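Here is the structure we will look at, set down as C-alpha cells.
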Amino acid sequence: MIKYTNNQQEAIDTLNQNLQIIACAGSGKTQVISQRIVNILKQDNVEPKNIIAFTYTEKAASELKSRVVKLCKEQIPGLKGMVEMYIGTIHSWCLDVIQNHIYKYQKFSVLSDIKLKLFIDRYYDTIGMKDLDMNMYRDTYNFVSIMTVLRESELSDKPIPENLQIALKKYETTLIKNAFFDFTMIMTHTLKYIKQESNLKQSIRSKLKYLIVDEYQDVNPIQEEIINEIYKIGCNICVVGDDDQTIYQWRGSDLKYILNFSKRYDNVKSVKLMDNFRSSAGVVDIAETIIQHNEKRLNKQMIAFGSQKYEKGDILYNRFNSTEEENDYIVNEIKQLRGIEFSNKGTKRGLDYSDMVILLRKWNKASDIATALKKENIPFIVGGVNKLFDTDEIKAAVNIFRYLSKDLKDPAILINSWKNLSEKIDTTKLFEAVKNLDKEKPEEDSFYGEFILQDIFWDFLQQAGITEESFENDEFVFYNLGMFSQVIDDYEIINFTRPPLEEIKTFLEFIKYGAEHHYPEGWLNNTYKNINAVKIMTIFQSKGLEFPVVFIPYLNKNYLPSQKFGGKGIWHTISRDLIIDQERFEGGIEDERRLFYVAITRSQKFLFLSGAPTTKRNEKKESQFVLEFSRSDYWFSSKDHNFNKRIYTEPKALENTESIILNFSILKNYFECSYKFKMSALYGFCTPLSIRIGYGRGIHNVLMEIHKQSLAGITTTTKEIPNLVDIHVHIPYASKRILRLIKRKSIEVIKEYLRLNEKNFDSIEYTEKEIQFDLNENIIINGRIDLIKRKKLDGTSQVSIIDFKSTEDAQTYDVSMEQLSLYALGYEELSGEKADILELYNLDENRPYKQEIIDYEFNHIKKQIIEASRNIQENKLAKTKDNKQCWRCFYKQLCKG
DNA sequence: TCGCTTTCGATTTTT
DNA sequence: TCGAAAGCGA
C-alpha cells in the first residue's frame with residue numbers, strides 16, 4: 001500500500017466538496033486522482049457509471065484508466081461495470097454521447113486535419129473561403145484556424161463582419177451536408193444539446209455524479225463551458241492542474257480558468273501538492289529558479305521530496321563553438337551514461353538507451369542529432385519528421401500516377417524508378433504492370449466508379465510482383481509504401497466522386513502542395529513495439545513523461561525562447577478585438593519559459609543543458625534562460641566531465657508496464673491472419689473504397705435506433721422505416737440511381753427484420769453496449785456488442801449476445817464463433833452474469849446465421865488473446881500458412897504467403 | 001542608443 | 001508574403 005503525504009491524503013479524502021488540486025510536476029498526481037476515484041467508488045450508492053474523467057490526450061486516458069482498474073482490483077474486488085466509467089478526452093466523450101443520444105449523428109465521421117484541408121479545398125467555392133478573399137491551397141490552414149478560433153473562444157461584443165458570418169455558416173453547412181464533423185463541431189453541437197432539454201441532458205442528469213478534469217490549465221473557453229454545464233446539471237467537480245505547465249496557449253488554453261477556479265465554483269476546497277517525488281533537489285532547484293521569473297502564476301513553490309539523490313555532475317551546462325561539437329558531446333555523454341547505476345523506488349539497474357531523451361523546441365533540429373547518433377550506432381526513435389515524400393520508393397509510387405496523368409510520358413523513367421529500389425524486382429513483371437497502366441488511363445468521359453486510385457496502386461504492386469520480401473535489405477521501404485496507401489485513402493475519401501481526369505490531376509497537386517510536409521515515414525507508426533532506444537521528441541510531446549536522463553540542447557536566443565514568426569497569419573483576415581483575451585494566442589516570453597520549465601522537470605536526475613552558435617544568423621547568441629538559471633548553485637560547466645566515480649552495472653531498460661488496449665476489431669483481424677493485421681494496422685495499407693460503402697453501417701444504425709426506441713418504450717412502425725433509412729443510410733459515393741436501389745433494399749431488409757423480430761423486442765436488455773475486460777496481464781480488451789437479449793424460459797432466464805452481419809457489406813469479415821465468445825467475457829465483466837447463447841445474425845437473409853451455446857471452459861481463448869498481444873508487442877506477425885481465409889483475403893495480392 | 005535598412009526564415013499539435 | 005532580428009551609421 002502506498003503511503004500518501006498529508007496533502008495528498010486530503011485531496012484523496014475530499015469526495016463531496018468541489019476540489020481544486022494544484023499539482024506540481026512529479027507530485028504523484030495520477031496516483032492521487034486514481035485513488036480518489038477508487039474512494040468515490042467505495043461509497044454506497046456510487047457505481048462506476050456515475051464517474052466521468054477528462055484527460056488531455058488518449059494516451060493519458062489509457063494510463064489513468066489502467067491505474068484505476070489496477071487499484072480497483074486490489075481494493076474493491078468483485079466490482080462490476082468498470083467499462084461504464086468514462087475516462088477519456090472531452091472530444092471523444094462528446095462524440096460518444098451525441099451519437100448515442102441524437103441518432104441522426106450516427107452517420108457522421110470526424111475529419112482529421114489533412115482530410116479537413118482536402119475537404120475545404122475541394123469545396124473552395126461554396127465553403128466560405130472565397131467570402132474571406134483567401135486563396136485555395138495556400139491559405140487553407142489559416143482558414144481552418146479562423147474557423148476554430150471563432151467557435152472555440154469567447155467573443156467580444158464587437159459585431160462580427162458579415163463576410164465572416166457567411167463563411168462560418170457556409171463552412172458548417174457544407175460539412176454537415178456531407179456528414180462530417182470537424183473537431184470543434186463535436187463540442188459545439190454536443191454543448192447545444194446539453195444546454196437544452198434533451199434526452200442527452202437527461203442522461204447526464206440521471207447518470208453523472210462526479211466529474212474530474214485533468215490538465216485543467218490547458219482547457220479553452222468552449223471546453224470550460226462544457227465542463228461548467230455538466231457541473232451545473234448536478235455534478236461534484238474536481239479539477240487538477242499546474243498553471244506553470246500551460247503550454248498550449250496557441251490552441252486557446254486559458255490560464256484564467258485555473259487561476260480563479262474557486263471564484264467561479266461554490267464550496268471549493270483547494271489543495272496544493274508541492275512535493276516533487278520525481279526529481280533530485282538539483283533538478284527542482286533549476287526549474288524553480290527559472291519559473292520564478294514568470295509574473296503571471298500562482299504563488300507557490302515546488303519542493304524536492306528526495307526520491308532522487310543529487311550528485312555532483314548530474315547537471316551540466318556547456319556552450320560549444322558549433323552544433324557539430326555540441327552533437328558530438330551529446331553522443332559521447334550517452335555512451336558514458338549507459339550502464340551507470342540508477343536507483344528508483346528501491347530498485348537498482350544500469351541506465352540504458354531508453355532512459356534518455358533529447359528534448360527539442362522545433363523539429364528542424366532533429367535530423368542533425370539523428371545523423372550524429374546514427375554514426376555511432378546508437379539506437380534512437382524520432383517522430384514528427386515528415387520526410388515521406390523525399391524517399392525513393394514514394395517518388396516511384398508517385399510516378400505511377402504521373403504516368404497515368406501523362407505528366408510523365410516516358411515509361412522508362414517509371415520502370416527505372418522502381419527497378420532501382422531493389423535488385424529483387426523482376427523487370428519483366430514491371431513491364432507488364434506498366435502495360436496494364438496504359439489500359440487504366442482515364443478517358444475524357446469515363447465514370448468515376450471505374451477509376452479508383454487505390455485499386456490502381458494495389459494492381460500495380462501486384463502485377464509488378466512486389467511484396468515485403470522484395471525489400472529484404474531495407475525493411476522500411478514496404479512500410480513507406482503502406483503509408484502511401486494511406487495518403488491515397490485520405491485523398492480519395494474526400495475526392496472519390498471527381499471525374500477521373502480531374503481526380504488524378506488534383507491528386508498530384510495534393511502531393512505536390514498539400515501532403516508533402518504532412519506524412520511521417522511509415523515505420524515511425526510502428527507503435528506496439530517497445531524499442532530500447534534514445535528518444536528524440538519535442539517538449540510538447542514530453543508533457544507528462546519522465547526520464548532519468550534529459551538533454552536540452554541548442555539553448556540559443558530565437559530557438560528557446562522561440563522568436564515570433566512573420567508571414568501571413570490569421571490576424572490579417574480577422575480583427576484582433578473580436579476575441580476576448582486575444583493576446584494569449586500570440587504567446588510570449590512567459591509561455592516559452594513554461595516550456596523550458598516543463599522540459600527541465602521531465603528529468604529525474606541527469607540534466608544536460610547545452611548550446612552553441614548555429615549557422616543560422618539569428619541563432620548565434622546564448623538563450624536568456626541560461627542567465628536566468630545561472631542563479632542556481634546546482635550546475636557547472638565541464639565539457640569532459642567523466643563519471644568514473646559512479647558505479648557501473650549491466651544496462652537494463654525499464655520494462656514496459658503500460659497496459660495495451662486492444663479492441664475486438666483489431667483482434668478479429670489478427671485472428672484471421674496475423675500478417676493481414678500487420679499489413680493493415682502496422683504498415684497501414686488501406687483497401688480501396690467502393691461506391692456502395694456505407695450500406696452496412698447505415699442498416700446497423702437504423703436497427704440501433706429501433707432497438708433504442710423500443711428500450712424507451714416506443715414502438716417503431718413499418719411506415720416510419722423509409723424515413724429512418726433516409727436519416728441513417730449515408731452512401732457518400734453512390735450515384736442517384738444506385739442510392740435509390742440501396743435505400744430500397746435497406747427498407748426491405750429492415751421491414752423484414754422488424755416483422756420477424758418485433759415480438760421479441762421486450763426481451764432486449766442492451767443495444768450497442770460497450771464492454772471491456774482485462775486479463776491480468778496488462779492487456780485490456782474492449783469492444784461493442786450489437787444487441788443483448790434476455791428471454792424468460794420457464795422460470796429461468798436466457799441471455800443471448802447478438803452480432804449483426806451483412807454479406808453485402810464490403811467491410812465484412814469472417815470470424816469463428818469461438819473468437820466471438822470474447823463478447824461473453826465482456827458481458828460477464830459488465831453485469832456479473834454469464835451469457836448463454838451467442839448468435840450471428842445475417843441481415844441480408846434475415847435469419848440467425850449461426851447460434852451456439854457459450855462454453856465457459858474457454859481458457860484457451862484467453863490463452864490465444866494473451867499470445868496475440870505478446871506477438872503484437874513483439875512484432876511477431878508472420879504470414880499464416882494453409883489459411884482457409886486466404887482465397888477471399890484482399891491482402892493476398894501483396895502477400896503471396 | 002536610436003532609427004533606419006537589409007536580411008532572414010517561416011513552431012508547437014491534439015482531437 | 002511579412003514581421004522581427006540583425007546590421008549599420010551616426
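In this text the structure is predicted, and so the values were computed from the model without any measurement. Reminder, nothing fancy here: chain letters follow the sequence lines and each chain counts from 1.
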Query raised in the report: Say you draw a straight line from CD1 of A:Ile226 to CG of A:Leu191; how long is it, rounded to the nearest 0.5 Å?
Result: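 Interatomic distance, A:Ile226 CD1 to A:Leu191 CG, rounded to 0.5 Å: 5.5 Å.
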
Query raised in the report: Which residue lies toward the 5' end of DNA chain C, A:His572 or A:Lys620, if each is placed at its nearest nucleotide?
Result: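 Mapping each residue to its closest nucleotide by heavy atoms, the 5'-most match is A:His572.
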
Query - B:dT13 and C:dG3, which share atom name P, separated by this distance in whole Å - result: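 It comes out at 25 Å once rounded to the nearest Å.
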
Report task. Could you label the plane-to-plane angle of the A:Tyr554 and A:Tyr559 rings as parallel, tilted or perpendicular, counting under 30° as parallel and over 60° as perpendicular? Result ->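 It falls in the perpendicular class, over 60°.
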
Query raised in the report: When the ring planes of A:Tyr193 and A:Tyr105 are compared, do they come out parallel, tilted or perpendicular, using 30° and 60° as the limits?
Result: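 The arrangement is perpendicular - the two ring planes meet at more than 60°.
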
Query - Donor + acceptor pair across side chains of A:Ser203, A:His101 (<3.5 Å) - result: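 A pair is found: one side chain offers a donor N or O, the other an acceptor, under 3.5 Å apart.
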
Report task. For A:Ser623 and A:Asn556, test the side chains for any donor-to-acceptor distance below 3.5 angstrom and give the result as yes or no. Result ->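 Short answer, no.
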
Report summary line: Readout for nucleotides 8-15 of chain B: B = base within 4.0 Å of protein heavy atom, S = sugar-phosphate only, - = neither; 5' to 3' it is SSSBBBBB

Query raised in the report: Where along residues 210-224 of chain A does a heavy atom come under 4.0 Å from DNA chain B, residue by residue in number order?
Result: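 Those residues whose heavy atoms fall under 4.0 Å from DNA chain B, taken from residues 210-224 of chain A, amount to none.
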
Query - Ring centroid separation A:Tyr248 to A:Phe540 under 6.0 Å - result: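 Ring centroids of A:Tyr248 and A:Phe540 are less than 6.0 Å from each other.
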
Query - A:Phe261 ring center within less than 6.0 Å of A:Tyr216 ring center - result: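 Under 6.0 Å, so yes.
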
Query raised in the report: Checking A:Lys543 against A:Tyr56: charged group under 6.0 Å from the ring centre and within 45 degrees of the axis?
Result: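 Yes, A:Lys543 sits over the ring of A:Tyr56.
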
Query raised in the report: Is it true that the NZ or CZ of A:Arg122 lies under 6.0 Å from the centre of A:Phe119's six-membered ring and within 45 degrees of the ring axis?
Result: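 Negative - A:Arg122 is either too far from the ring of A:Phe119 or too far off its axis.
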
Query raised in the report: Looking at side-chain heavy atoms only, is the closest gap between A:Arg297 and A:Glu590 below 4.5 Å?
Result: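 The answer is no, as the side chains (C-beta and beyond) never meet within the 4.5 Å cut-off.
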
Report task. Check every nucleotide of DNA chain C for an atom under 4.0 Å from a heavy-atom of chain A, then give the first and the last such nucleotide from 5' to 3'. Result ->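 Nucleotide range in contact with chain A: C:dT1 to C:dA6.
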
Report task. Check every strand shown and say whether A:Asp182 touches a base, only sugar-phosphate, or nothing at a heavy-atom separation below 4.0 Å. Result ->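 If one applies the 4.0 Å heavy-atom cut-off, A:Asp182 turns out to touch nothing in the nucleic acid.
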
